[in-house]
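Below is one structure; the comments refer to it alone.
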Amino acid sequence: MKTIKSLHARHHELSDTHHQLEVLNSEIFTRHYLPTFREKLKTSGLLPLKPTGIEVFQMNVGYMCNQTCKHCHVDAGPDRTEVMTKETMKQCLEVIINHTIKSVDITGGAPEMNPDFRWFIEELRKEYSGEIIVRCNLTIILANGKYLDLPDFYKKHNIRVVSSLPFYNADKTDRQRGEGVFAKSIEALKMLNKAGFGKQDTGLILDLVYNPSGAFLPAEQSLLEADFKRELKDHFDIEFNNLLSITNLPISRFLDYLIETDNYEDYMEELVLAYNPKAAEGVMCRNTISVDHAGNLYDCDFNQMLKLQIESKAGTHISEFDLESLNERNIVINQHCFGCTAGAGSGCQGTTT
Amino acid sequence: MQKTYYDPADLKKFGDIAEYGQDLADKFFNWYNDVFKDGALSSREKCLIALAVSHAIQCPYCIDAYTSDSIKRGASEEQMMEAVHVAGAIRGGASLVHGVQMMNKAKKMLM
């Protein structure tokens with residue numbers, strides 16, 4: 001599989017989050033007479049943006065990945081070495097068990113590449129009966145013999161598998177995710193189906209994530225879901241539960257793509273003009289907390305990638321987790337947030353309206 | 001005064017035609033928006049028809065707008081190119097079918 005290097009490994013100027021924030025706050029807002037996200041939230045009566053509680057505990061267990069997708073907001077790849085330690089995982093476990101958390105959402109990179117990934121899932125399942133999501137990139141299952149039993153492992157621990165598949169054909173998928181990714185993804189989906197995931201009456205959930213292969217907003221989620229279900233069933237006999245449609249946020253490698261292809265200004269303008277107050281009310285950061293590999297807390301995975309740390313008076317590390325203080329915080333916002341409020345809204349669970 | 005007839009930035013100013021005629025512009029845009037809503041045809045199918053028509057009438061603004069809209073509604077490159085071929089076939093066919101008129105006239109004139 002042909003891979004590209006991460007921005008981080010290339011020492012690209014966009015690997016510096018300060019530079020990304022400068023780009024996001026560049027003169028296009030004044031030149032195009034566009035309101036800032038702060039101004040928009042104010043007109044919707046949502047400033048300061050406050051949490052509604054913490055229902056989703058999202059853990060990024062490392063930026064290491066077997067793929068280097070063009071649009072990756074994490075800038076993940078085989079050359080990234082950041083992984084969550086067992087010590088930090090233990091701190092996360094303690095927080096999850098001692099609070100009422102509805103869903104634990106494990107992401108990466110490829111989370112399965114963290115050497116303590118299975119240990120963590122096993123320990124978590126011993127004491128936690130809520131939903132555990134693993135964001136599996138599919139190809140990891142076939143990347144090495146040691147991962148081939150992942151479908152059975154997920155089944156044993158009743159994991160909700162959420163996997164990216166940007167389109168139901170090889171051309172668009174491979175252009176975004178790398179050469180040969182579609183064929184391997186199909187093979188992995190068949191293995192997951194065989195284990196019962198995505199099949200009726202098994203209770204084993206397999207959701208797919210769609211995100212546009214280019215500089216445009218996603219189509220209506222239900223319309224895309226119908227297309228994906230028909231095409232994957234007809235051509236590959238693959239079934240899945242739900243399609244989650246996610247807008248690409250203008251950060252990291254997708255920001256690089258937008259700038260390189262001269263799409264940045266048009267895309268940003270489109271996001272701003274598509275601002276939907278209803279979507280703003282339902283943004284995921286209001287009920288989510290995101291933890292990075294080092295245990296730092298953020299309002300969401302996107303803020304994590306921009307190193308916009310949480311504003312909690314009790315502290316910003318998992319060891320300082322204080323629900324009361326977190327529920328009183330102001331959510332940190334910037335211009336990239338327009339990605340979550342455009343059109344039908346977007347979050348890690350798909351559309352938000 | 002601009003030195004070219006078409007400027008991509010003008011597409012975003014389409015609504016400005018109301019400046020010289022609010023009432024008719026309102027009627028046009030209301031009707032226009034209703035035309036593209038889901039009905040017996042889906043909005044995606046309507047976008048692909050619009051894309052084909054855009055090529056038939058060779059309107060650069062429309063081609064730009066309906067390429068974007070077709071992609072946003074989940075149309076594939078293959079579907080969009082097939083729509084363009086439909087436009088091409090009708091335009092080509094419209095010329096060729098007049099060949100019958102040419103033949104009629106020629107047959108009348110020639111021994």
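The analysis underlying the following values was restricted to heavy atoms, covering all of them including side chains, and did not include hydrogens, waters or symmetry mates. Chain naming here is simple, since letters A, B, ... match the order of the sequence lines and numbering starts at 1 in each.
Counting heavy-atom neighbours within 6.0 Å of B:Q101 CD, excluding the residue itself, gives a total of 12 or less. Counted within 6.0 Å of NZ on A:K233, heavy atoms from surrounding residues, nucleotides or ligands total more than 12; the atom is thus considered enclosed. Atom CD1 of B:I17 is surrounded by more than 12 heavy atoms from other residues, nucleotides or ligands within 6.0 Å. Counting non-hydrogen atoms of other residues, nucleotides and ligands closer than 6.0 Å to CZ of A:R38 gives a total of 12 or fewer. Atom CG of B:D34 is surrounded by more than 12 heavy atoms from other residues, nucleotides or ligands within 6.0 Å. Counting heavy-atom neighbours within 6.0 Å of A:K199 NZ, excluding the residue itself, gives a total above 12.
Of the residues considered (A:N169, A:D171, A:D227), A:D227 shows the highest number of contacts with chain B, using heavy-atom pairs under 4.5 Å.
Contact check for B:K12 versus A:L273: no side-chain heavy atoms found under the 4.5 Å cut-off.
For A:P212, no part lies under 4.5 angstrom from a heavy atom of chain B. No part of A:Y210 comes within reach of chain B, as not one of its non-hydrogen atoms sits under 4.5 angstrom from that chain. Neither the backbone nor the side chain of B:A9 has a heavy atom closer than 4.5 Å to any heavy atom of chain A.
Between A:L223 and B:R73, the shortest heavy-atom contact is CD2-O, 3.8 Å. Across all non-hydrogen atoms, the minimal contact from A:K172 to B:S76 is NZ-CA, 4.0 Å. The two residues B:G74 and A:A219 come nearest to each other via the heavy atoms N-CB, 4.0 Å.
Looking at A:R175 and B:E77, a side-chain N of the basic residue comes within less than 4.0 Å of a carboxylate O on the acidic one, giving a salt bridge.
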